[in-house]
Amino acid sequence: MHYQAESWGSYFPARAVGGDPLERIERLASENAVVIFSVSSCCMCHAIKRLFCGMGVNPTVYELDEDPRGKDMEKALTRLLGSSSAVPVVFIGGKLVGAMDRVMASHINGTLVPLLKEAGALWL
């Protein structure tokens, strides 16, 4: 797993700092094959990270509780999902897959692996 633990403010040009949280989410989600927005103390987030690692996928993980703008991003994810729980949220190939329920449903019905292959996150 690749964790983004540095200050995200220095990760983006000055014009992006303090910008729209949804735009920031979309930009981060499009930069890697598999991106997970997480909270470090969330057991469901841990489970989803373990699922991907167990499949041989190396997701990029953004721990929102470790980012100064994480609360705003969490609110934006809640609005994006239309649910009360904002994390974990998974993007594959820059496209929103969803929260834990959608990821697990995709895994069970066999559509997750093709998505991962198409995004270049899984080779076999």
Side-chain angles (χ1 to χ4, degrees):
M1 257 179 295
H2 176 73
Y3 285 91
Q4 292 292 61
E6 69 221 38
S7 169
W8 292 7
S10 63
Y11 187 75
F12 292 103
R15 63 176 173 38
V17 174
D20 178 45
L22 194 53
E23 287 178 10
R24 187 165 179 235
I25 289 165
E26 290 171 356
R27 186 173 327 142
L28 293 172
S30 68
E31 291 178 347
N32 294 286
V34 178
V35 175
I36 301 172
F37 291 95
S38 172
V39 171
S40 58
S41 61
C42 168
C43 63
M44 298 309 270
C45 296
H46 178 76
I48 208 81
K49 291 181 271 190
R50 298 293 358 128
L51 170 69
F52 283 109
C53 288
M55 296 174 75
V57 173
N58 187 27
T60 298
V61 178
Y62 292 98
E63 298 290 0
L64 299 178
D65 58 324
E66 296 174 5
D67 181 88
R69 292 173 288 163
K71 284 288 181 205
D72 290 335
M73 292 176 66
E74 201 169 338
K75 288 175 189 172
L77 288 166
T78 300
R79 287 191 309 271
L80 184 66
L81 293 174
S83 68
S84 60
S85 177
V87 291
V89 178
V90 177
F91 289 82
I92 298 175
K95 297 175 187 160
L96 174 66
V97 174
M100 180 73 152
D101 58 340
R102 295 274 178 126
V103 174
M104 292 309 297
S106 297
H107 182 53
I108 291 166
N109 72 22
T111 59
L112 184 59
V113 169
L115 276 176
L116 292 168
K117 286 181 181 178
E118 185 180 319
L122 198 59
W123 304 106
L124 301 174

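Bear in mind the structure is a predicted one, so any value in this text is a computation, not a measurement. Only heavy atoms go into these numbers, but all of them, side chains included; no hydrogens, no water, no symmetry mates.
In this structure, Val35 and Ala29 approach most closely via the heavy-atom pair CG2-O, 3.8 Å. Contact between Val57 and Ala121 at its shortest, heavy atoms only, is CG2-O, 3.9 Å. Shown here for Gly120 and Ala33, the closest heavy-atom pair between the two residues is C-CB, 4.5 Å.
Identified under the side chain to side chain donor-acceptor pair (under 3.5 Å) test for residues 110-124, with sequence neighbours left out: Asn109-Thr111.
Taking SG from Cys53 and CG from Asn58, the interatomic distance works out to 6.5 Å, rounded to the nearest 0.5 Å. The distance from atom CG of Leu77 to atom CG of Leu81, rounded to the nearest 0.5 Å, is 6.5 Å. With values rounded to the nearest 0.5 angstrom, Leu64 atom CG is found 12.5 Å from Lys75 atom NZ. For the atom pair CZ of Arg102 and CG of Leu112, the computed distance is 13.5 Å after rounding to the nearest 0.5 Å. For the atom pair CD of Glu63 and OG of Ser41, the computed distance is 8.5 Å after rounding to the nearest 0.5 Å.
By the neighbour-count criterion of 12 heavy atoms within 6.0 Å, atom CE of Met55 is densely surrounded, having more than that number from other residues, nucleotides or ligands.
Without hydrogens or angle criteria, Asp72 side chain to Pro21 main chain gives no donor-acceptor distance under 3.5 Å.
Of the candidates Leu51, Leu115, Ile48, His107 forms a side chain to side chain contact (heavy atoms under 4.5 Å, CB included) with just one, namely Leu51. Here the options are Val61, Thr60, Leu28, the test is side chain to side chain contact (heavy atoms under 4.5 Å, CB included), and the partner is Phe37; only Leu28 passes.
Side-chain contact between Cys45 and Lys49 is present, with at least one heavy-atom pair separated by less than 4.5 Å. At a threshold of 4.5 Å between non-hydrogen side-chain atoms, the residues Arg24 and Asp67 count as touching. Residues Ile25 and Val89 are not in side-chain contact: their nearest non-hydrogen atoms beyond the backbone lie 4.5 Å or more apart. Counting heavy atoms from C-beta outward, Leu122 and Val34 have side chains that stay 4.5 Å or more apart.
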